[in-house]
Visitor: 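Can you read through this structure? Questions will come right after.
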Amino acid sequence: DQQVKQNSPSLSVQEGRISILNCDYTNSMFDYFLWYKKYPAEGPTFLISISSIKDKNEDGRFTVFLNKSAKHLSLHIVPSQPGDSAVYFCAASLGPEYGNKLVFGAGTILRVKS
Amino acid sequence: EAGVTQSPTHLIKTRGQQATLRCSPISGHTSVYWYQQALGLGLQFLLWYDEGEERNRGNFPPRFSGRQFPNYSSELNVNALELEDSALYLCASSFSLRNTGELFFGEGSRLTVL
């Protein structure tokens, strides 16, 4: 049962433009949502998160939007840079009582062309 | 400050053998998580250890097991290896009571089963 889905396996964007990565989830009990970035031969690194009680969180070029009624979140990267090319994983957490166990999507490969 | 470290980086085994993977968490972190990333798939939750005890496990057979030592480092053991166990095994650590769900990942151990 895929509780977190990233339906776009890949995305290609021109440098300087906006990248929008999407994620859908099915479990309304998720408490936190996170985005991780992964380069080849490295472990995933935390990028940005959002609590289920918020609808937007911004950190520099990265903004995450949460639409709870649609069970949908998105990551916006503006402006996109070639160094942003990586695999992006959406993840959801049920909270500390579940040990902050993260449920991951399958990932979206982002390619930023210069 | 050292991040999460994993060893070995690469491991090659044959079917039926046993594999042991090791993980040292970030200093001060008491929770350790193991994830499997098979080729083309997202991260699948394997095991969660906290304060030396197994707190939760994912949908994996019992031949996947592990433990956490008093210094919070952890071992993942995979018995009776099968070809489909070939994957990148990622270890992550966190403060057990934080409610943001942020995990810090190591670079992974690549297991190849021939």
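To find a chain, count down the sequence lines: A is the first, B the second, and so on, and within it residues start at 1. These numbers were taken from a predicted model, which means no experiment stands behind them.
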Visitor: Heavy-atom distance under 4.5 Å between the side chains of B:L103 and A:F46, does that happen here?
Guide: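 Result no, sub-4.5 Å side-chain heavy-atom pair not found.
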Visitor: Checking side chain to side chain donor-acceptor pair (under 3.5 Å) between B:D85 and each of B:R63, B:K13, B:Q36, B:R15, which is the one that passes?
Guide: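 Output: one option passes, namely B:R63.
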Visitor: Pick from A:V112, A:I18, A:L110, A:V13: which one makes a side-chain contact (heavy atoms from CB on, under 4.5 Å) with A:I77?
Guide: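 Looking at A:V112, A:I18, A:L110, A:V13, the match for A:I77 under the side-chain contact (heavy atoms from CB on, under 4.5 Å) is A:L110.
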Visitor: Which bit of B:L90 comes within less than 4.5 Å of chain A, counting heavy atoms only: side chain, backbone, both or neither?
Guide: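 Side chain only.
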Visitor: B:E102 versus B:F104: any side-chain heavy-atom pair under 4.5 Å?
Guide: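 The answer is yes; the side chains approach within 4.5 Å.
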Visitor: Heavy-atom cut-off 4.5 Å, strictly under: side chain, backbone, both or neither for A:A92 against chain B?
Guide: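 The answer is neither part of A:A92.
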Visitor: Check whether B:Q6 gets within reach of chain A through its side chain, its backbone, both or neither, counting any heavy atom under 4.5 Å.
Guide: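 Looking at B:Q6, nothing touches chain A.
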Visitor: If you count heavy-atom pairs within less than 4.5 Å of chain B, which of A:A91, A:P9, A:G43 leads?
Guide: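 Heavy-atom pair counts peak at A:G43.
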